[in-house]
Amino acid sequence: MKRVVIGNWKMNLNLAEAHILAEAVRLFAPDYKGLTIGITPSFVWLVPLKESMRYMPANFFLAAQTVSSYEKGAYTGEVSAHQLKHVVTYCLVGHSEQRRFHHLTAADINAQIKELIAVSITPVVCFGEMSQSKQDHLLPSVTTELANDLHNVKSEEIEKCLFAYEPLWAIGTGNPATPTYVESVGQHIKTWFREEKGVHDVALLYGGSVTDDNVAELGAIKTIDGLLVGGASLHAKEFEQICARFSNHV
Ligand code: PGA
């Protein structure tokens, strides 16, 4: 399975900064052929960035940070999967900041996944447990959240998605989950997909305070196929270093 590193830019960067960073990533991406590398600019920068890139390396993609749960119509402020389809190839779904600030329900996330699949955009379904105290216990009940998000999504559709395990307590805190913890949760999630959904090789990313200091350890984890990187993806050199170190484990 090809490994994936996605930079989650969140609500950062003006247009000039976005151009500089996108260009840097576009240029270094071909050096890491074993990886597929993506960036997620804000909606408003997606089209100008896409238009400025005459050549897109095969292992580089633009992604959106969210999508509407609805197909079209009177939904002020929303952007539909149909509108995104010629602009991005991947889209985050259910990032914890979206779930939290927009009070998204499992039904919303489920509808977003289906909208994206209908237009052949790859959903990157984000999920993870709230509380750090669970780090000391056996395994978090992350699969309950997944089961709700994936209600009635067919196995062949699940195979088209990526999944980003992001423990909420690790996002933006400088306190990533330990490799041992990520490995065991990863195993738990992959077993769940096999046994409950009949999906054998689901692509599982880890996100939460990934930096160039901890990426080597995370890259060595067998159950992890990729990374979702927030803060550290806003700096071209650090993001490239993360890609370089992660690709050493391909
Ligand atoms: P972080 O963010 O790397 O800054 O912790 C990750 C994310 O929110 O996807």
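Numbering of ligands and ligand atoms starts at 1, following listing order.
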Subject >> Side-chain touch Phe163/Ile158, heavy atoms, less than 4.5 angstrom >> reply: yes

Original post:
Does the pair Arg26/Glu23 count as a salt bridge with the N-to-O cut at 4.0 Å?
Top reply: yes

Original post:
Under 4.0 angstrom from ligand 1, any heavy atom of Gly172?
Top reply: yes

Original post:
When clusters are formed by joining ILVMFWY residues with side-chain heavy atoms under 4.5 Å apart, either directly or through shared neighbours, do Leu15 and Leu62 land in the same one?
Top reply: yes

Subject >> Residue and atom name of the nearest protein heavy atom (relative to atom 7 (C) of ligand 1), distance in Å to one decimal >> reply: Glu166 OE2, 3.2 Å

Original post:
Would you say Ser209 has any N or O atom under 3.5 Å from an N or O of ligand 1, going by distance alone?
Top reply: yes

**OP:** Can you spot which of Thr223, Asp225, Asp201 makes a side-chain hydrogen bond (donor to acceptor under 3.5 Å, both in side chains) with Lys190?
**Re:** Asp225

**OP:** Could you walk me through whether Glu129 and Trp169 pass side-chain hydrogen bond (donor to acceptor under 3.5 Å, both in side chains), step by step?
**Re:** CA-CA 8 Å; Glu129 79 281 8; Trp169 47 267; 3.2 Å; yes

**OP:** Heavy-atom distances under 4.0 Å are what count here, so tell me which part of Ile171 touches ligand 1: side chain, backbone, both or neither.
**Re:** both

Subject >> Leu228: numbered ligand 1 atoms lying under 4.0 Å from its heavy atoms >> reply: 9 (O)

Subject >> Distance filter under 4.0 Å to Lys10 heavy atoms, resulting ligand 1 atoms >> reply: 2 (O), 7 (C), 8 (O)

Subject >> Option whose closest heavy atom lies nearest to atom 4 (O) of ligand 1, chosen from Ala164, Gly231, Ala232 >> reply: Gly231

Original post:
Heavy-atom distance under 4.5 Å between the side chains of Ser69 and Glu115, does that happen here?
Top reply: no

Original post:
So, does Gly208 sit close enough to ligand 1 that a heavy atom of it is under 4.0 Å from the ligand?
Top reply: yes

**OP:** Kindly identify the option in Gly230, Pro176, Gly7 whose heavy atom sits closest to atom 3 (O) of ligand 1.
**Re:** Gly230

Subject >> Numbered atoms of ligand 1 (with element) below 4.0 Å of Asn8, judged on heavy atoms >> reply: 7 (C), 8 (O), 9 (O)

Subject >> Check: Ser120 and Lys85 side chains under 4.5 Å, non-hydrogen atoms >> reply: no

